[in-house]
Amino acid sequence: MMVHMRAIGYDRYGPPDVLRVEDVPIPAPAAGQVLVRVAATSINLSDWECLRGTPAYARIGGLRTPARRTLGSDIAGVVEAVGSGVTRFRPGDEVYGDNLGLKGGFAEYALAPESVLAPKPAGLSFAEASTIPQAGPIALQGVAGAGPGSRVLINGAGGGSGTFAIQLAKSQGAHVTGVDNAAKLDYMRSLGVDEVIDYRADDFTRHGPYDLILDLVAHRSVFAYRRALAPGGRYRCVGGPVPTVLRVLTLGWVVGRLSGRRIGVLGVRPGPDRFGPIADRCLAGEVEIRIDRTFALEETPEALAYVGAGRALGKVVVSPAAGRDPAAGATGV
Ligand SMILES: NC(=O)c1ccc[n+]([C@@H]2O[C@H](COP(=O)([O-])OP(=O)(O)OC[C@H]3O[C@@H](n4cnc5c(N)ncnc54)[C@H](OP(=O)(O)O)[C@@H]3O)[C@@H](O)[C@H]2O)c1
């Protein structure tokens, strides 16, 4: 086995050009850990947030400099080695999972706790599998309770979680409005959304009312959210600037209770038990996986810049195998 690998490192928060291709030792798995030979890692907004160091929660564990040198949470690949106590996997197994705690997916090898990984379904490619673990549970839990005829609004619906959330809410019979930038309106329509709003031109809180608002990028005031909710309606956000999220947690709770609505933050439960059901729906053909582009590992800065510029229509995937000669033995994606 090789002793060194290519990894995309950074040691300060900033734009994608702070990222560097590095030659680093392949880490050894500690007890309970699995060393995964990475085949594909999909980009989530959380990667962008940890690259930029904003919102402030992206600096947890690393206030001035990043806590982790290599980003990339949503990994899919092949088990290379396991640490002591690992019972569910052995070398050669194909796995995928959301490695939000350790990250490290923008590399040829990544360490992950056994508990975050699941066997990769044979019916999904590595690239497809890598799109599910983080975005899937956010979507599934975010639109839980949306039933036939309920009016659902998804803010940030043109991104990774939104792609799944639109399809899930539609399959539950809801009337769905998607909010995102103008370049993503047709993309959202292609996923089955009933109505679209361009967030740069219009304010969704002046539309509605809605029975359920799933906010993937909270930027508005608690009173604006209250205005957009129908009586008995529910607002949930999963991310956004810390002051906004804190106001939702505190003032939102009070305003919601006083007005017969529920306004709060959704603490998304991650892990194989949560993303497995989405993978099953994808395998059954009920939910579609959309991949916009796959970039080579060295192109990770370009991949993040592409997502950060708001151009991605579907998931963006980074793969150490992309662009390589298959005869070189890289894992196919
Ligand atoms: N609670 C948890 O446990 C947990 C765990 C992981 C992640 N998260 C959060 O989950 C959220 C969703 O992540 P994701 O990976 O699905 O994001 P994503 O793929 O980047 O999608 C977000 C979408 O929102 C759009 N957007 C940006 N600003 C907007 C605005 N002001 N109004 C409406 N839309 C806007 C973006 O468009 P542009 O391209 O124009 O920017 C993008 O299409 C993030 O907030 C992340 O922090 C939560």
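All ligand and atom numbering here is 1-based and tracks the order in the structure. Values below: every heavy atom of this structure, side chains too, minus hydrogens, waters and symmetry copies.
- Taking the centre and axis of the six-membered ring of Y306, the NZ or CZ atom of R293 falls inside the cone set by 45° and 6.0 Å.
- For R311, no heavy-atom contact with ligand 1 is shorter than 4.0 Å.
- Closest to atom 13 (O) of ligand 1 among all protein heavy atoms lies L45 CB, 3.6 Å.
- Under 4.0 Å from ligand 1, not a single heavy atom of R269 appears.
- Ion pair R88/D93 not flagged as a salt bridge, since none of the NZ, NE, NH1 or NH2 atoms sits closer than 4.0 Å to an Asp/Glu carboxylate oxygen.
- Under 4.0 Å from ligand 1, the heavy atoms of L266 that appear belong solely to its backbone.
- Those atoms of ligand 1 with a heavy atom of G156 less than 4.0 angstrom away are 22 (C), 23 (C), 24 (O), 25 (C), 33 (C), 34 (N).
- Q134 and S46 share a donor-acceptor pair across their side chains, judged by distance under 3.5 Å alone.
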Please output the side-chain donor-acceptor pairs of residues 141-160 that fall under 3.5 Å, not counting sequence neighbours, one pair per line with the distance.
unit_1, atom_1, unit_2, atom_2, d
Q141, OE1, R269, N, 2.8
Q141, NE2, R269, O, 2.8
S150, OG, G147, N, 3.0
S150, OG, G147, O, 2.8
R151, NE, D211, OD2, 3.1
R151, NH2, D211, OD1, 2.9
N155, ND2, D215, OD1, 2.8

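- For ligand 1, none of its N or O atoms has an N or O atom of S46 under 3.5 Å away.
- A continuous path of ILVMFWY side-chain contacts below 4.5 Å connects I60 to L246, so both sit in one hydrophobic cluster.
- Considering each of Y57, Y199, W48, the one bringing a non-hydrogen atom nearest atom 41 (O) of ligand 1 is Y199.
- The proximity of V238 to ligand 1, defined as any non-hydrogen pair under 4.0 Å, involves the side chain as well as the backbone.
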